[in-house]
Amino acid sequence: MGRLFLINLEGRIYTCKFCRTHLALYEDIVSKTFHSRHGKAYLFNKVVNVSLGETEERPMMTGLHTVADIYCVGCGSIVGWKYETAHEKDQKYKEGKSVLERYKVSGPDGSNYRINNGAHVGGSDADDI
């Protein structure tokens, strides 16, 4: 295996909860109204230090989307997903953006989000921005 090069961010940073690898900046948040199986999730314009899984068609609350899971390059944990294609016209703003599940990342102040046992277990998505 080759050498791992990580991007270090400066400012208010979201990190992997498991290994503290930098993932995103607070300033890159597009929406905090997304939901996942484990509770809250945030939509970001840009994330770093992640690798993409295989793309798949995934039915979500706002329709069918082509997405790929994103993995932390530091520890391999799934930390969210990336929207490749939104099939509904009003959902096109999501294309190319990534969602980080709050349960799997630490916030800029070091806070962790606790799992919501009552969270929806179906598809994950936001109803609006």
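If you chain together hydrophobic residues whose side chains sit under 4.5 Å apart, Met61 and Leu64 never meet in one group.
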#### Entry: Candidate pair Asp109 and Arg12, rule side-chain contact (heavy atoms from CB on, under 4.5 Å), full reasoning
CA-CA 8 Å; Asp109 58 358; Arg12 297 175 68 191; over 6 Å; no

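Taking 4.5 Å as the limit, some side-chain heavy atom of Ile70 sits within range of a side-chain heavy atom of Leu52. Using a 4.5 Å heavy-atom threshold, the side chains of Leu43 and Tyr83 count as touching.
Put simply, the side chain of Ser77 never gets that close to the backbone of Val79: no donor and acceptor are under 3.5 Å apart. A donor-acceptor pair is defined here as one N or O able to donate and one able to accept, closer than 3.5 Å; no such pair exists between the side chain of His22 and the backbone of Arg20. Lys97 places a side-chain N or O within donor-acceptor distance of the main-chain N or O of Tyr93, the cut-off being under 3.5 Å. Distance alone, capped at 3.5 Å, places no donor-acceptor pair between the Lys40 side chain and the Phe34 backbone. A donor-acceptor pair under 3.5 Å is formed between the side chain of Glu95 and the backbone N or O of Ala86.
By the neighbour-count criterion of 12 heavy atoms within 6.0 Å, atom NZ of Lys46 is sparsely surrounded, having that number or fewer from other residues, nucleotides or ligands.
Note that the NE2 atom of His35 and the CZ atom of Arg102 stand 14.0 Å from one another [nearest 0.5 Å]. Atom-to-atom distance recorded for Glu27:CD and Asn45:CG is 11.5 Å, nearest 0.5 angstrom. Here Glu101 contributes atom CD and Lys17 contributes atom NZ; the two are 10.5 Å apart, rounded to the nearest 0.5 Å. Between atom CD of residue Glu56 and atom NE2 of residue His65 there is a gap of 13.0 Å, rounded to the nearest 0.5 Å. With rounding to the nearest 0.5 Å, the separation of CG in Leu6 from CG in Asn49 is 5.0 Å. Atom OG of Ser36 is separated from atom NZ of Lys104 by 7.0 Å, given to the nearest 0.5 angstrom.
The two residues Gly74 and Thr21 have their closest heavy-atom pair at CA-OG1, 3.6 Å. Of all heavy-atom pairs between Ser51 and Val73, the closest is N-CG1, 3.7 Å. In plain terms, the two heavy atoms of Leu100 and Ala24 that are nearest each other are CD1-CB, 3.9 Å.
Ring planes of Tyr14 and Tyr26: parallel class, angle under 30° (limits at 30 and 60°). Ring-plane geometry between Tyr42 and Phe44 is classed as tilted, the angle between the planes lying from 30 to 60 degrees on a 0 to 90 degree scale.
Side-chain atoms of Thr55 and Lys82 include no donor-acceptor pair closer than 3.5 Å.
Salt bridge Asp69/Arg58: present, at least one basic N to carboxylate O contact under 4.0 Å.
In the hydrophobic clustering, Ile13 connects to Ile7, Leu9, Leu25, Val48, either directly or through intervening members, whenever side-chain heavy atoms lie under 4.5 Å apart.
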